[in-house]
Amino acid sequence: MRDPLPPTNDPDWVLDAPGFDVFREHGIESRFAIGNGFLGVRASRTVGRGPTWTTWQHSLIWASWPRTYVAGLFDTPNTEPPVPALVPVADWLRVVIQLDGQTLLLRRGETQSHERKLDMKRGLLWVNWKQRTPAGIVVQVRTLRLVSQAERALGLLFLSLELDHDGVEVMLEASFESAGVGMRAMRVEEELGVWHTSESGKGLAMAGSAVLTLEDYVRTPSAVGPLRREWRWRSVAGQAASLERLLAAARTDTPEEDPAPLATAMLRRAKAVGGGAVLAAHTAAWATRWQLSDVAIEGDKELDRGLRFAIYHLNSAANPEDPRVSIGARGLTGDAYLGHVFWDTDIYLLPFYIATWPEAARSLLMYRYHTLAGARAKARRGGWRGALFAWESADTGEETTPDQVIGPFGLPVDVLSGKQEQHIASDVAYAVWQYWRATGDVAFLLEAGAEILLETARFWASRAKLEADGRRHIRGVIGPDEYHEGVDDNAYTNILARWNIARALELVGMLRLRWPTRWHELGAQLGLDAPELALWAEVVATLVTGQDSATGLIEQFAGFHQLAPIDLSQPEYASRKMPMDVVLGHDATQRTQVVKQADVVALLALVPEEFDATTRQLNYSHYERLCSHGSSLSRSMHALVGARVGAAELALRYLKETAALDLSPNAADSAGGVHIAALGGLWQAVVFGFCGLSLGGDKLALAPALPADWQSATLRVCWHGRRVKLRITGGGRDVEATLEAGEAMSLVVHGVERMLQPA
Ligand code: IFM
């Protein structure tokens, strides 16, 4: 192939998966996925996919899971439980090749080489495959694919095919393959398909073109069908056939809208400029993303790569242009969690976008704003006021947590988090406040952010009940530690609820002073009056926190200290292959002080200013020992807080374990998609932990303490419309700051304020 862009071999930027092992396939397909926040495509092979497996139960499972996802395309198909799921769309990358009538398959003949490379710098995936067929023909197939970071509707595939034999009858078919899950085809034409979801009334159009070039001549297809083209020719040894496929996709959210005109117009434009120009615009857009978001660590190559991998997926997951979608627990890289949006986005991902891509952060918060009606309805259903966001959210803001799932032993397990994991209300409020503090985006605050803060505060004030002890309590919840259900006064929940109400009161003061007209409108619209605000202040003053005033120890929830102690370093637990709740069983877990994931530790990470240094240290070491890290979200929080409280060695271990989650060779867990929250957590542990950056104060501040092996850490952050480059050396003592864009500003380093002037 005349490579439109040859793969780079720079190990700092390229992930390599040499060989083909059917057992690794699902994990690689997730890890090497490409995405742009609108389209997400797993790294399944284009030609001659992996075989299906026969399991020991004599059923078939797919060895390859080719998936293209369109953000926001949710439907409630005929599944159990009946919750909305992200609907996979037709596979636009499918190519079938036949040589003398025999289909080219990986398992047919001998695979001489097979390699996939993910170029994280340019958001490109290459596959290079050499196969010797049973007839002795050596075939080389090379593909390059992207979904455009410049024009999110567009996808592109280049394929080159070369044979070492003359005279072979070659057939190449480029078609769309239905993913087969409940989309109704409304129109399928030569270059256009339009589908409707069966229940949710959404529309999808995919317009696609395919052009085959042989010896510099564009070949006319020998057969053309609906979204299908086929070419036939006789091979000449060493002659490369090149296929270029373009895709343009559009989603609509109501049955009245037709997505076809948009998709066809986009395709027309892309065809007019050609694949080369689409590729160039895409790589330029990626260059901009990296310019703003790269974090380089000198002194730890593996971590540096892990961080790049994290930033690659974070940049692939967001779409600043669509405030109606958010990022699901596995981004657009796999089916796990059905595309549902959790607190993962608000707490684990938002900080990355706030600091590096404020437009994307705003869009994600606007998604929450657009789901306020659902959040209000959920609060009402529970008998409360204000807004309680869905624990699992899809497109409308309705609660979409399934009531039951099939557990590890094939039996149904009740899921209570949809009803009880209410900290989601303050998680969203927290993200709104962080965004506001770091950007000073007044328009957002007045249009959307204020309403979220006020309505979540109102929820908490109605949720916290005054009891005989003269204190307010929040009973019957699940904290981030999901092992303990129906608990009272979970410290994470209560302290963040108090924080949420306090910020809302602060906001009211600010609105009254700076934007009185808006305050009058909003106050009237929400029916907020003086007695209600007085109640909020009373809740802030009386809400139980679970903190022992004498020792500073926080009780994770009422009665936690009385549960059976556990020593997770015991060999039977330390060598476990299953999560602790499976090892102990559901009921014993409830009675034991085993923590699933960062809970009090997450609280220390989010609101460190609520506690003094001794309290932070004490609680970190107390709860770190009890945590079994039964969720991929856990370790990064332990790394972040560990770095802040001076437990550098432990923090570094957690950081490396987080980085390895999706990158270790046997990352079987990644089959359902990459753990995007952990990737966001990794970024936070480095930037907020070791680099000690804080975005929430009046001034941008940092107090770094780098691990001994790191010679430097270099990063960029956005702050109130400015862009600052920070290079940290000397273990954290020395900070070189450059104001790359925007007006002069203050920067506080290790407590000392400096003025930064434009470079
Ligand atoms: O949101 C998380 C939760 O905290 C732990 N279980 C998985 C969810 C989705 O990542």
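Both ligands and their constituent atoms are indexed starting at 1 by order of listing. Computed from heavy atoms alone, side chains included, the values below leave out hydrogens, waters and symmetry copies.
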**Message:** Using a plain distance cutoff, I'd like to know if Gln597 has any nitrogen or oxygen under 3.5 Å from a nitrogen or oxygen of ligand 1.
**Reply:** yes

**Prompt:** Is there a donor-acceptor contact under 3.5 Å linking the side chains of Tyr348 and Ser636?
**Reply:** no

**Asked** Any Lys/Arg nitrogen of Arg381 or Glu399 sitting under 4.0 Å from an Asp/Glu carboxylate oxygen of the other?
**Response** no

**Prompt:** Looking only at heavy atoms of Ser631, does any of them come nearer than 4.0 Å to an atom of ligand 1?
**Reply:** yes

**Fill in**
min-distance protein heavy atom vs atom 7 (C) of ligand 1 -> Tyr337 OH, 3.3 Å

**Prompt:** Leu633 heavy atoms, cut-off 4.0 Å: which ligand 1 atoms fall inside?
**Reply:** 2 (C), 4 (O), 10 (O)

**Prompt:** Less than 3.5 Å between some nitrogen or oxygen of Trp343 and one of ligand 1, yes or no?
**Reply:** yes

**Prompt:** Between Asp344 and ligand 1, is there a nitrogen or oxygen pair with a distance under 3.5 Å?
**Reply:** yes

**Item:** Ion pair check, Glu455 and Arg458, cut-off under 4.0 Å
**Value:** yes

**Complete:** Only residue of Ile347, Thr493, Leu388, Val341 satisfying side-chain contact (heavy atoms from CB on, under 4.5 Å) with Ile424 is Leu388

**Complete:** Nearest non-hydrogen protein atom to atom 3 (C) of ligand 1, with distance, is Glu482 OE2, 3.5 Å

**Request:** Using only heavy-atom distances, determine whether the side chains of Asp395 and Ser200 contain a donor-acceptor pair under 3.5 Å.
**Result:** no

**Residue Ala329 vicinity, atoms of ligand 1 by number, heavy atom under 4.0 Å** = 9 (C), 10 (O)

**Message:** We want to know whether Asp335 and Tyr69 form a side-chain donor-acceptor pair, criterion being a heavy-atom distance below 3.5 angstrom.
**Reply:** yes

